[in-house]
J.: 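Take a look at this one; I'll ask things after.
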Number of protein chains: 2
Amino acid sequence: MSSESEGPTRPQGGRTRIQERNRAAILEAGLAVFSAAGFSGATLDRIAKEARLSKPNLLYYFPSKEAVHLALLENLLDAWLAPLRALDPEGDPVEEVLLYVRRKLDLSRDFPRESRLFANEVLRGAPHLSDLLGGELKRLVDEKAAVLERWMEDGRLARVPARHLVFSIWALTQHYADFDTQVRAVLGDGHDPFAEAGDYLETLFRRLLRP
Amino acid sequence: MSSESEGPTRPQGGRTRIQERNRAAILEAGLAVFSAAGFSGATLDRIAKEARLSKPNLLYYFPSKEAVHLALLENLLDAWLAPLRALDPEGDPVEEVLLYVRRKLDLSRDFPRESRLFANEVLRGAPHLSDLLGGELKRLVDEKAAVLERWMEDGRLARVPARHLVFSIWALTQHYADFDTQVRAVLGDGHDPFAEAGDYLETLFRRLLRP
DNA sequence: TCTTGATTTGACCAGGCGGTCAAAGCCACG
DNA sequence: CGTGGCTTTGACCGCCTGGTCAAATCAAGA
């Protein structure tokens, strides 16, 4: 992350080791609390306790509750969009889409708290993300939709509305993280939701996209 | 609802007209506020104001904030499960599933607040719904999954994991209500998300389920 | 050791929260 | 007109919230 590794306690222009550690602890705690309780349901006391800090100490590192929340959302976005960014225009169309599905499902399995944080935010109307949704995200989707549409024109992918194809990938993969409670309640014991979902979604998108 | 229609102001055993009206206004206001702000973000003052009642007056009709929330969830469930209940074992397999998809998507379009209320609750781990999810809902899904599996065995429906098929219908239709902000941000102007979704989902499930 | 700045904290505050209560208003009936 | 119960409300309460602040503690270089 840092280009400068000198300075015993303080890489100049960067952060102290202590700052690094405490900010990380706060973000980790914030992720746990925000994703479980939503923005309004989360309290600074709870986050501070989870991070093993006092509340004023937490506020020494972040100026407000909202700042913690915002930092989390910003951190999130890169990881969240990476799988779509990785969609390779030079690859095999169906396999590229399936790879995207697989990567997105892995995110849901491995980072369910991040998924819920994001879902909570969009559910509330995305007060913090609105610029990103209409800006960076839209641009990325436009770009990749163009790739998908080219594949469709070349007859290498079945013709479907490209942006809705992307939506359906988001919907299906997020569902297993965000509605985990419901999924497990309905399936009952003796199931591995994510493993089953992986197979099912592969089937689904293969049948949908086979030219 | 009431079997007795006599009694000028009070159908015996039932509710006064005033009670009927005010309870309805509170539930309507509660739906608006809870779905927009989540449980913790909603305040009694806001709900009361929306319902044009004073806060103590609201609490005259419902004993607590939680009671309003609970009443809303209970009201919701019947309407929410109706489309699945309507899946007809005697009908044409593919058309029955498509009809279910269509009905569920209509719910998302016409009752987005209910959809978000539900999503919010499940996201939080469904503290209120947990019995229903593991009970009534599970039973209904089990029953309909059996129908779907029979159709698959008879070769009238492509073979897929029945419960995950149901999940995918939930995920895809709810998405257009719960992530409406994101969908519209990405699509930009000049789109009718629900109309496009209707066509796309029909294609998707037809290709998936065609035997 | 002393000094200096980074770090940590207990005490505190104003505002908003869910909820209570006693009193007032209202309305249909006798 | 009066009465009794349904309905409404202003005032209030204790608690929790996000956030402040001055003082204490700590770490490390000189």
Side-chain angles (χ1 to χ4, degrees), chain A residues 2 4-27 29-30 32-34 36-72 124 127-128, chain B residues 2 4-27 29-30 32-34 36-72 124 127-128:
Chain A
S2 76
E4 318 268 354
S5 57
E6 291 317 303
T9 52
R10 168 87 64 93
Q12 49 265 64
R15 295 196 224 283
T16 311
R17 283 191 217 98
I18 293 184
Q19 284 184 8
E20 211 70 64
R21 174 169 46 86
N22 283 343
R23 283 183 60 98
I26 290 167
L27 289 175
V33 176
F34 280 128
F39 182 79
S40 319
T43 72
L44 283 179
D45 282 293
R46 185 105 192 75
I47 297 173
K49 189 180 175 186
E50 201 94 358
R52 297 164 182 277
L53 262 49
S54 66
K55 183 169 60 170
N57 200 10
L58 187 158
L59 288 169
Y60 173 72
Y61 291 99
F62 288 88
S64 68
K65 176 182 171 180
E66 191 140 347
V68 180
H69 192 243
L70 216 61
L72 281 169
R124 287 197 309 155
H128 290 324
Chain B
S2 76
E4 318 269 353
S5 57
E6 291 316 304
T9 53
R10 166 87 64 95
Q12 47 264 63
R15 295 194 224 280
T16 311
R17 285 191 215 96
I18 293 184
Q19 284 184 8
E20 212 70 64
R21 173 169 47 86
N22 282 344
R23 284 184 58 100
I26 291 168
L27 290 175
V33 176
F34 280 128
F39 182 79
S40 318
T43 72
L44 284 179
D45 282 292
R46 186 105 193 72
I47 298 173
K49 189 180 176 187
E50 201 95 357
R52 297 163 182 277
L53 261 49
S54 66
K55 183 169 61 169
N57 200 9
L58 187 158
L59 289 170
Y60 172 72
Y61 291 101
F62 289 88
S64 69
K65 175 182 173 181
E66 191 141 344
V68 180
H69 192 243
L70 216 61
L72 281 168
R124 287 198 308 154
H128 290 324

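Treat the numbers as computed from the prediction; the structure is a model and nothing was measured. In what follows, chains carry the letters A, B, and so on, assigned in the order in which the sequence lines appear, proteins first and then strands, with residues in each chain numbered from 1.
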J.: What is the separation between atom CD1 on A:Ile18 and atom C1' on D:dA28, rounded to the nearest whole Å?
T.: 11 Å
J.: Nearest 0.5 Å please: distance from the CG atom of A:Asp45 over to the OG atom of A:Ser54.
T.: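 Interatomic distance, A:Asp45 CG to A:Ser54 OG, rounded to 0.5 Å: 10.0 Å.
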J.: Would you kindly give the CG-to-P distance between B:Asp45 and D:dT9, to the nearest whole Å?
T.: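 That distance rounds to 13 Å.
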J.: Between A:Asn57 and C:dT7, is there a side-chain N or O to OP1/OP2 distance below 4.0 Å?
T.: no
J.: Please tell me if the side chains of B:Arg21 and B:Arg17 come closer than 4.5 Å, counting only heavy atoms from C-beta onward.
T.: no
J.: Considering only D:dT9, C:dT9, C:dT7, which nucleotide approaches the side chain of A:Ser54 most closely?
T.: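 When the side chain of A:Ser54 is considered, C:dT9 is the closest of D:dT9, C:dT9, C:dT7.
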J.: Base, sugar-phosphate, or nothing for A:Tyr61, non-hydrogen atoms under 4.0 angstrom?
T.: sugar-phosphate
J.: Would you say D:dT7 has OP1 or OP2 under 4.0 Å from some side-chain N or O of B:Gln19?
T.: yes
J.: Within the modelled atom types, does a donor on one side and an acceptor on the other bring the side chain of A:Lys55 and the base of D:dG19 under 3.5 Å apart?
T.: yes
J.: Any side-chain heavy-atom pair from B:Val68 and B:Leu58 closer than 4.5 angstrom?
T.: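 Yes - at least one pair of side-chain heavy atoms lies under 4.5 Å apart.
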J.: Quick check for you: among C:dA11, D:dG19, C:dG18, whose closest atom lies nearest to any side-chain atom of B:Lys65?
T.: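 The listed nucleotide nearest to B:Lys65's side chain is C:dG18.
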J.: Below 4.0 angstrom from OP1 or OP2 of D:dT8, is there any side-chain N or O of B:Asn22?
T.: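 Checking D:dT8 against B:Asn22, a side-chain N or O does come within under 4.0 Å of OP1 or OP2.
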J.: When the distance from CZ of A:Phe34 to P of D:dT17 is rounded to whole Å, what number comes out?
T.: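 Interatomic distance, CZ of A:Phe34 to P of D:dT17: 13 Å.
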J.: How far apart are the closest heavy atoms of B:Tyr61 and B:Arg23, and which atoms are they?
T.: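 Minimum heavy-atom separation between B:Tyr61 and B:Arg23: O-NH1, 3.6 Å.
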J.: Centre of A:Phe34's six-membered ring, under 6.0 Å away, within 45 degrees of the axis: is that where NZ or CZ of A:Lys65 sits?
T.: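 No, A:Lys65 does not lie over the aromatic ring of A:Phe34.
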J.: Is B:Ala67 touching bases, backbone alone, or none of the nucleic acid, heavy atoms closer than 4.0 Å?
T.: nothing
J.: Once you round it to whole Å, what is the distance between P of C:dG18 and NE2 of B:His69?
T.: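 To the nearest whole Å, that distance equals 13 Å.
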J.: May I ask you to say what B:Ala48 touches in the nucleic acid, namely base, sugar-phosphate or nothing, with a heavy-atom cut-off under 4.0 Å?
T.: nothing
J.: How many whole angstroms separate atom CZ of A:Phe62 from atom P of D:dG18?
T.: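 Value for this atom pair: 16 Å.
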J.: Could you state the atom-to-atom distance from CD1 of B:Ile47 to P of C:dG19 in whole Å?
T.: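 Interatomic distance, CD1 of B:Ile47 to P of C:dG19: 10 Å.
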J.: Describe the nucleic acid contact of B:Leu44 in one word from base, sugar-phosphate, nothing, applying a heavy-atom distance below 4.0 Å.
T.: sugar-phosphate
J.: OP1, OP2 of D:dT7 versus side-chain N and O of B:Tyr60: anything below 4.0 Å?
T.: yes
J.: Roughly, in whole Å, what's the span from CG in B:Leu58 to P in C:dC17?
T.: 14 Å
J.: Tell me: CZ of B:Arg21 to P of C:dC26, nearest whole Å?
T.: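 Rounded to the whole Å, the gap is 14 Å.
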